[in-house]
Every structure is written in structure tokens, then in C-alpha cells.
Number of protein chains: 2
Amino acid sequence: MTLKFHTPLPPLGHLVSLFTYYKGYQPGHRIDRFLPDGNVELVIDLTDFPKQVYDNETLAVRHSFRRAWISGLRKEFISIHAGQDAEMFVITFQKGAARAITGMPLTELTEQVVEGDLVFGPPILALREALLEAVSPETKMRAAERRLLAMAGGDLQPNPFVQYAVNQILLHPGQLSLEALSNKVGYSQKHLIQLFKEHVGLPPKAFLRIIRFQRAIAEIEQRGGIEWSHLALDCGYYDQAHFIRDFKRFSGFTPEEYLRRKNGVVNYVPVG
Amino acid sequence: MTLKFHTPLPPLGHLVSLFTYYKGYQPGHRIDRFLPDGNVELVIDLTDFPKQVYDNETLAVRHSFRRAWISGLRKEFISIHAGQDAEMFVITFQKGAARAITGMPLTELTEQVVEGDLVFGPPILALREALLEAVSPETKMRAAERRLLAMAGGDLQPNPFVQYAVNQILLHPGQLSLEALSNKVGYSQKHLIQLFKEHVGLPPKAFLRIIRFQRAIAEIEQRGGIEWSHLALDCGYYDQAHFIRDFKRFSGFTPEEYLRRKNGVVNYVPVG
DNA sequence: TCCGGGTGGGATTGTAAAAAATTTACCTCA
DNA sequence: TGAGGTAAATTTTTTACAATCCCACCCGGA
């Protein structure tokens, strides 16, 4: 299996946090539950086989995507193709920065997976072609950098107010009042929420809950023996009862169940 | 109001942790709820007015005691005379050490208040007379020391195994397994429990829960703004829900209610 | 269009309680 | 002292409810 990562430098690095390329991953299962991770991703499938999104309960096929698609912010998990026989190039955007490339309010992508050409038009297929032509993972990364810079046009600066708000949330998930935040940003609470939604795709509090959940997920990965009540408080939950409730809302699993079922890949849990 | 404390030195200090003398305390209420504090106390009333124990719910008089009584370990609060017009001398025993003075298994005093002469016979009245004759608080303290040493006979060493167990519980309320404890002590679990009950009055785990509760009470006194879930974890509770449940079992109040009703004297809450 | 204000429903928080599943403590009886 | 049964505590999960906060919707002014 090939698995390569690349972190673009600025100015593209302001918009894109990570490129991931993989090929030949052969998991022992067909379907993954993909947890809300607070990221917007542009996925380019370098094979010709469509990839499915399944119904969370029945695991029946719901949607099918080919070549390129973009997945917006989600508050719910989705059930997706686990990646057998796949060759994928995944572009993960910086949080709150995707708008400069998508050119549309991020709310329009929220809770959705959307065909790439509906968002980007023909340039996305050109990007895919370029990726197919590039032979090594490294040249693919460079091709992607070039094409994305072109697609972004001149506008490579994410909105600084939103950026500040996003960073505050990333720094202090847990205790953070929207009132304090909007005061610091200098906009009215209502305006900040509008701005935030437009650039991030979710209102600030909802985004914060996802970040808090992700912090819990990260702690679970790192810690050995886990005491849920300590972990809950450390991650900013009021107590472990609330932690478990949130955990289940976002992941569909209770924490113990998640521990039992998770395998190596964070945010992807085998379900079928 | 007069209020004097005295901490006896060894060897009596092995058995007695504190003398308290007070006179002229005039609280604004009639009845106190006395919370379980893990202590055995010998109370000597230097007035002739009997002091009542009330029904916890109806506050009707349940028992009445005169001159001297001893109060064993309790898992439940009791409702007692708040101390108006009282002149009292209170002897607080070291935890797990009262047996050398009472001469009887502490289980026989558990959840009870017992007349002093039933336990100690005539010497307790002699002690009281001596306290009445002594004019200053300081001379009373010295008189009490002399009499108690005499009452203890030669046997001033508490059982070291029980003492060790008690200290372990005092040091680590929260995470402490009886199995580990009895292994360290070197007795079988069963034997340790028997010994512990005989000297302390309650089985180890029940005693531990009271100590843990007392730690919470102490933290509440010290901290300013209180976050229950942090306090609960710091005191060794599994989470704040369990803290609240235990708190209510022992005090009859929810933590917030306790905060509202408590006044200056720790472990005594006005109820009537 | 950009920004702020008002209103009201809904979600989150803080506090409390409790159910379900294990594990541990304790008691009895031999 | 030992074995084994029962009660109780712990761990994990769920639920309730009031107070507060968030934010969707609708409006108005610049």
C-alpha cells in the first residue's frame, strides 16, 4: 500500500491543510462510519469505479459519486466505502478557509457530499487529469498545488475575523461564550454567526461541539487506560454524562462501544 | 462566648484527637443537623439541662440525654440540640482508636448515642465532677487528660493493623481496594473486616465513604466558586452524579441546597 | 449590501436522579 | 478459616428539568 501526506506551504497552506494520497489500501471490511471531524474535504478518485455513500442504518446504497466530490461539514456520521481497491487523492481544507476555493457559502455544502463539477466546474476534471498524469505521489502533490492555486484565483486570504474565531475555538473548546467571542471580534453576535456560517458551514457553537468531540477522540487515541469521567472534564464537557451523550450523537457509539470497534484509522470505524 | 480547643499529646494523643470546651454559644436556631463525620465523641454536658435528639423528619423529640453521652459512628445525619445555653466539654477520639477507652466493640455504638455511664460506669461522672470543679478551660483540659488516662488503664495503643488501614483510607479515599488493603495488612479480607468493625464501628468501605464525603465537605469550605464535577473527581467520586447521590445520602441535602443552608460550623447545618 | 436589533423556539448547560451491567465487599454457615 | 451467596458499590449509560444561551427569522437603518 502507498500512503503519502503533504502539507502545502503558504500561500496555498492558508487554504489547504493537507494532501493525502493512497493506493492499494485493503481493509478487511467494506463500509466505514466516517465521524464528523470538522473538516471540509475535496476527494479525487483516480479510479473509474464509483464510490458509495450508504444509509446509516440499513447500509443500503444512498448515493454514488465518481471522479471528484466535496464533502462539507457534518454534525452526523456518514457511512461510506471503506476504500478497497481505491486510489484517492484527498485535499483537506484549513478550517474556516475553504470558501476562498469553493467560491460559495459553505452552508451550501453542510451535511452533504456534492459532485465536484457542481462546485468547481471543469477545472476540477483538469485537476484530476493532472493527477492521473503525474506518475509519482510527489509529482501529484506538486500538480495539485499548482492547480489549486490557479482555481483559487487571487483570493488566498481567508476572512480574518472568522479565522480568529475558529482559532479561539480550537484553542479553548470547552469554556467559550459566543458573547465573549463576538465582543473580541468586534462584530455583533448575530453578524459574527452569519459570517461564521458562511465561511465554516456551521454556527460557532455547533462547530465548537465538533472540535470538542474531536479532542475527545484524540485523547482516546493517546491515553492508555481511560477514565471517562476525567477525559470528559479534560475535554471541556460538563461531566461524563454529557460527554457520553455528545459522543453518541456524533459517533453513534457509546464510548466503550467505540473503543471495542475502532481500528487503526481515526474517525473511520468499520461497520460493514 | 468561650470556645477552647486542646490537642492532647501522646500517649493520650494516640486515643484522643481533640478536646473542645464551649460555653455561651447562642446560635439563631434551635436544631442542627449533625452530619456523619467519621468521629466518635464523648460529650460531657456541664449544665443540668438534658439535650435532645430529634426525629430527622418531624423534628419531634426522640431521645434525651443528661450529663454525659457517647456518640458512635454514623452513616446518617442526626438532628440535635443546636447548643443554646450549653456548656459542653467534647472529647473527640482518634479514628479507629476509641476502643482502648470504651472497652467494648465499637459496633455496639454505631448509629447510636448512648448514656455515658452505660459505657464507662461511675468514672464518667467523676470526670464530669472534675470538669465542673476546674475553673478555667485550661484546668478542665488538664483534668480531662488525667481522668481519661486513668480510665484507659494501661492500654493506650490502638490496634496497629486497624490503625494502618484507617490511615490508608484517610490518605487515599477514592481509589482503594479492600483486597489490596488486606494484602498489605497481612490478614485475610474477612479477618480485617472483623477487626476493623470492632475498632472503628463500621466496615472499611462504609468508613471510606464517610471520609470521602468529609473530604468533599472540607473542599466546599475551602473553594470559592465551586464546579461540582471537578470537586467530585478531586474527592475520588466516579463522577458528579455519584457525588450528588452520596452527598444526599449522608447529608440529606443536595450540594447546592447544602451551600445555601450551611452556616459557619462545619458538619452542623441549621434545620429548625 | 453591510450591519445591528428584537423575538421566540430550540439547544446546551448545570444540576440531579437513576437504570443496567459488572465488580467488590461483606456476611453466613458450616 | 473457607466457600459461596447476597448485598452493595462501581462503572457505564440514560434521562429529567430548569435556567441560560444560541441562533433562525424577520426587520430597519446606513
Side-chain angles (χ1 to χ4, degrees), chain A residues 75 107 159 161 173-183 185-198 200 202-210 212-213 225-233 236-249 251 253-260, chain B residues 75 107 165 169 173-182 187-197 202-210 212-213 225-233 236-249 253-260:
Chain A
K75 288 194 289 188
T107 38
N159 180 301
F161 301 103
Q175 69 307 332
L176 185 69
S177 95
L178 265 252
E179 200 180 351
L181 185 57
S182 51
N183 284 342
V185 168
Y187 282 122
S188 75
Q189 211 177 120
K190 262 159 268 201
H191 191 84
L192 177 63
I193 288 172
Q194 279 320 115
L195 218 54
F196 197 98
K197 279 173 53 184
E198 188 183 331
V200 176
L202 285 174
K205 201 72 185 195
F207 181 72
L208 180 148
R209 295 211 310 144
I210 291 172
R212 191 166 44 180
F213 167 70
I226 293 178
E227 289 197 72
W228 297 121
S229 34
H230 283 90
L231 186 144
L233 261 57
Y237 292 93
Y238 181 76
D239 69 2
Q240 66 123 20
H242 290 81
F243 161 64
I244 290 171
R245 187 170 35 171
D246 249 33
F247 196 94
K248 198 162 181 192
R249 280 198 197 142
S251 75
F253 301 120
T254 65
E256 285 289 333
E257 200 180 356
Y258 172 76
L259 262 195
R260 287 194 298 274
Chain B
K75 288 193 289 187
T107 38
I169 289 174
Q175 69 307 333
L176 184 69
S177 96
L178 266 250
E179 200 181 353
L181 185 57
S182 52
Y187 281 123
S188 76
Q189 215 177 117
K190 244 172 314 189
H191 192 158
L192 178 62
I193 287 172
Q194 278 320 114
L195 216 55
F196 197 97
K197 279 172 56 181
L202 286 173
K205 203 71 187 194
F207 180 71
L208 180 148
R209 294 212 308 145
I210 291 172
R212 190 166 43 180
F213 168 69
I226 295 177
E227 288 197 72
W228 298 122
S229 33
H230 281 91
L231 186 143
L233 261 58
Y237 292 92
Y238 181 75
D239 70 2
Q240 64 121 20
H242 292 80
F243 161 65
I244 290 171
R245 185 169 42 168
D246 250 34
F247 196 94
K248 196 161 183 192
R249 279 197 196 143
F253 301 120
T254 65
E256 287 286 336
E257 200 181 354
Y258 172 77
L259 262 194
R260 288 194 297 273

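Hydrogens, waters and symmetry mates play no part in the numbers below; they use all other heavy atoms, side chains included. Sequence lines set the chain letters: A, B, ... in the order given, protein chains first and strands last, and positions in each chain run from 1.
- One interatomic measurement links the two molecules: OH of Y187(A) to P of dC23(D), which rounds to 18 Å at whole-angstrom precision.
- F253(A) and F247(A) have their aromatic ring centers separated by at least 6.0 angstrom.
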Under a 4.0 Å heavy-atom criterion, the protein footprint on nucleotides 4-16 of chain D, written with B, S and -, is -----SBBBBBB-

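- Ring geometry for H242(B) versus Y238(B): interplanar angle over 60°, hence perpendicular rather than tilted (30 to 60°).
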With side chain to side chain contact (heavy atoms under 4.5 Å, CB included) as the test, would you mind laying out the steps for E257(A) and K248(A) before giving the verdict?
CA-CA 10 Å; E257(A) 200 180 356; K248(A) 198 162 181 192; 5.6 Å; no

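- Between the CD atom of Q194(B) and the P atom of dT1(D) there is a distance of 11 Å, given to the nearest Å.
- Going from atom CD of E179(A) over to atom C1' of dC23(D) covers 14 Å, rounded to whole Å.
- In this structure, the CD atom of Q189(A) is 10 Å from the P atom of dC21(D), given to the nearest Å.
- In this structure, the side chains of R212(B) and L208(B) come closer than 4.5 Å at one or more pairs of heavy atoms.
- The shortest distance between side-chain heavy atoms of I244(B) and W228(B) does not fall below 4.5 Å.
- Straight-line distance from the CG atom of L181(B) to the P atom of dT24(C): 15 Å, rounded to whole Å.
- In this entry the distance linking CZ of F243(B) with P of dA17(C) reads 12 Å, nearest Å.
- Atom NZ of K205(B) has more than 12 heavy atoms from other residues, nucleotides or ligands within 6.0 Å.
- Spacing between atom CG of L195(A) and atom P of dT1(C) amounts to 15 Å, rounded to whole angstrom units.
- Regarding L202(A), its CG atom lies at a distance of 16 Å from the P atom of dC22(D), rounded to whole Å.
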